[in-house]
Trainee: 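What follows is a single structure, and I will ask about it in a moment.
This structure is a prediction, so every number in the text was calculated from the model and none was measured.
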Amino acid sequence: MTLFYHFDETQPLTGRLAMGIEYDGTRFCGFQRLKHAASVQASVEDALSKVAGAPVQIHASGRTDSGVHATRQIIHLDPPAQRSEKAWVFGANTYLPRDVSVRWVKPVSDDFHSRLGALGRRYRYLLLNQISRPVLERHNVTWCRDPLDADAMHRAAQALVGEHDFSSFRAAGCQSKTPWRQMHFIDVKRFGPLVMIDIQGNAFLHHMIRNIAGALASVGRGAQDEDYIARLLALKNRKMGDVTAPACGLHFVDSIYDERFALPKEPLGPNLLAFSGEWTGERELPETPRVAARRKLTFAKKPQETP
């Protein structure tokens, strides 16, 4: 996918559709639709329903928390009406608020499922490490005025790579049936005043990345040594963990699927890091048994049996 291309406005799209969604999560209480508060899902479903002229239900690759952003949230839907590529993208963006946008739409086979078929999910946590408080970036970074040693943070973080019990990094109210998750990689890099925690895994527990970021910041400030993360992991006890970092610094930047779906590739976000030049899919996905099993799953609708 190039940065500039023309949306087709002549050919109606048929069957299941995948879409790339970007949003600023500042004013939303997370992605999932709620009865009592604004959600990204409600905004997207309402906009798509107006384009389709009928109710639309979407499924997302990940349910981000309140205040968390996304530059490449992948959703899928089975639309009740056929519209062109341009109609879906431009039409939805006409009805969406300014802090949510549809970036692209693509027909996919019926065995594509944005959540259940994801092989990996990637997030980036951004810390703005400077003495003065941020202004232009204030909604998209977490401010840390104490000097951070990004190299020490990176070395400490490597204890998390692999499959582990992440109980020390899950929220008390986490509803997951298991604390086990598989971390594909975690890198900590500095770009001038920006310190980026780049993390990918099969899935994440509630507040898991923000709890990891809070603990790594303690290492970066020198309040804890480089073995701190390994000790927390071994404790398997959230009560012994560190602070939960603010939501404003967290960005959902990619969801990875089997190559047969051929989803559009985009520069990894957020745009604050566009200069790094890394594109979606550049990292090698570890071919673990979990990934291999997920590749074989199918979510196609079964034809109704005739009596």
Side-chain angles (χ1 to χ4, degrees), residues 61-65 68 115-127 148-172 174-190 195-220 224-245 249-259 268 278 280-297:
S61 52
R63 296 183 297 182
T64 52
D65 294 335
V68 176
R115 180 174 68 87
L116 301 177
L119 305 178
R121 296 166 175 87
R122 186 170 178 177
Y123 286 81
R124 284 174 163 179
Y125 196 93
L126 296 185
L127 295 149
L148 293 175
D149 184 340
D151 293 334
M153 294 167 67
H154 175 78
R155 291 190 295 267
Q158 301 316 299
L160 302 174
V161 176
E163 192 161 1
H164 304 286
D165 179 335
F166 284 93
S167 293
S168 293
F169 300 99
R170 74 186 299 189
C174 180
Q175 298 178 352
S176 175
K177 295 180 181 179
T178 173
W180 286 82
R181 293 292 186 269
Q182 186 176 65
M183 191 82 71
H184 298 159
F185 66 81
I186 177 168
D187 292 335
V188 183
K189 298 178 180 179
R190 176 180 285 279
V195 174
M196 174 188 69
I197 302 171
D198 196 354
I199 184 168
Q200 182 177 295
N202 70 306
F204 295 93
L205 301 164
H206 191 204
H207 287 176
M208 177 175 161
I209 300 177
R210 292 168 58 191
N211 290 333
I212 289 173
L216 286 175
S218 292
V219 174
Q224 298 288 347
D225 59 44
E226 293 182 20
D227 293 329
Y228 178 56
I229 303 301
R231 293 198 301 272
L232 286 184
L233 186 66
L235 287 172
K236 303 177 184 178
N237 186 347
R238 177 57 195 149
K239 293 181 180 179
M240 303 296 291
D242 212 302
V243 299
T244 302
L250 186 56
H251 302 256
F252 184 12
V253 300
D254 200 9
S255 188
I256 302 164
Y257 300 90
D258 191 272
E259 293 81 3
L268 283 171
E278 189 173 4
T280 296
E282 286 194 342
R283 297 297 185 93
E284 184 176 351
L285 188 68
E287 287 299 329
T288 63
R290 186 187 299 272
V291 170
R294 186 61 64 89
R295 287 186 188 277
K296 297 177 182 178
L297 294 177

Trainee: Which atom pair, heavy atoms only, marks the closest approach of Ala159 to His164?
Mentor: O-NE2, 3.5 Å

Trainee: Taking only residues two or more places apart in sequence, or in another chain, which ones meet Phe169 in a ring pair (Phe, Tyr, Trp, His ring centres under 6.0 Å)?
Mentor: none

Trainee: How would you list, by chain and number, every residue that makes a side-chain contact (heavy atoms from CB on, under 4.5 Å) with Gln175, sequence neighbours excluded?
Mentor: none

Trainee: Quick check: does any side chain N or O of Arg121 sit under 3.5 Å from a backbone N or O of Phe204, one acting as donor and the other as acceptor?
Mentor: no

Trainee: If you look at every heavy atom in Asp242 and Ser218, which pair is closest and at what distance?
Mentor: OD2-OG, 2.8 Å

Trainee: Quick one: salt bridge (Lys or Arg N to Asp or Glu O under 4.0 Å) partners of Glu284, sequence neighbours excluded?
Mentor: none

Trainee: Under the side-chain contact (heavy atoms from CB on, under 4.5 Å) rule, what do Leu297 and Leu116 come out as? Steps first, then yes or no, please.
Mentor: CA-CA 9 Å; Leu297 294 177; Leu116 301 177; 5.7 Å; no

Trainee: Calculate, to the nearest 0.5 Å, the distance between atoms CD1 and CD1 belonging to Ile209 and Ile199 respectively.
Mentor: 5.0 Å

Trainee: Quick one: pull up OG in Ser168 and CG in Leu205 and give me the separation to the nearest 0.5 Å.
Mentor: 11.0 Å

Trainee: Can you name the side-chain hydrogen bond (donor to acceptor under 3.5 Å, both in side chains) partners of Thr244, sequence neighbours left out?
Mentor: Asn211, Arg238

Trainee: Check the surroundings of atom CZ in Arg63: do more than 12 heavy atoms from other residues, nucleotides or ligands lie under 6.0 Å from it?
Mentor: no

Trainee: Under the rule for salt bridge (Lys or Arg N to Asp or Glu O under 4.0 Å), what residues qualify as partners of Asp258, not counting sequence neighbours?
Mentor: Arg260, Arg295

Trainee: Residues two or more places apart in sequence or in another chain: which of them pass side-chain hydrogen bond (donor to acceptor under 3.5 Å, both in side chains) with Arg181?
Mentor: Ser176

Trainee: Restricting to side-chain hydrogen bond (donor to acceptor under 3.5 Å, both in side chains), what partner residues turn up for Arg290, sequence neighbours left out?
Mentor: Glu163

Trainee: Supply the atom-to-atom distance Asp165 CG to Leu235 CG, rounded to the nearest 0.5 angstrom.
Mentor: 11.0 Å

Trainee: Between atom CG of Leu148 and atom CG of Leu216, what is the distance when rounded to the nearest 0.5 Å?
Mentor: 10.0 Å

Trainee: What are the two closest heavy atoms between Ala245 and Gly214, and how far apart are they?
Mentor: CB-N, 3.9 Å

Trainee: Any chance you could measure Leu233, atom CG, to Asp227, atom CG, to the nearest 0.5 Å?
Mentor: 12.5 Å

Trainee: Any idea which heavy atoms bring Ser61 and Tyr257 closest together, and the distance?
Mentor: CB-OH, 3.1 Å

Trainee: Show the nearest heavy-atom pair for residues Ile197 and Met153, with the distance to one decimal.
Mentor: CD1-CE, 4.3 Å

Trainee: Between atom NE2 of His251 and atom OH of Tyr125, what is the distance when rounded to the nearest 0.5 Å?
Mentor: 9.0 Å

Trainee: What closest approach, in Å, do Met240 and Leu232 show between heavy atoms, and which atom pair accounts for it?
Mentor: O-CD2, 3.3 Å

Trainee: Could you work out, with salt bridge (Lys or Arg N to Asp or Glu O under 4.0 Å) as the rule, every residue matching Asp225, not counting sequence neighbours?
Mentor: Arg231

Trainee: Can you sort out the partners of Ala171 under side-chain contact (heavy atoms from CB on, under 4.5 Å), two or more places apart, ordered by chain and number?
Mentor: His206, His207

Trainee: What pairs with Val161 under side-chain contact (heavy atoms from CB on, under 4.5 Å), at least two apart in sequence or on another chain?
Mentor: Gln158, Ile186

Trainee: Tell me every residue that passes side-chain hydrogen bond (donor to acceptor under 3.5 Å, both in side chains) with Glu226, counting only those two or more places apart in sequence or in another chain.
Mentor: Arg155

Trainee: Looking at residues at least two apart in the chain, or sitting in another chain, which of them share a side-chain contact (heavy atoms from CB on, under 4.5 Å) with Arg122?
Mentor: Arg124, Phe185, Asp198, Gln200, Val253, Asp254, Leu268, Glu278, Arg283

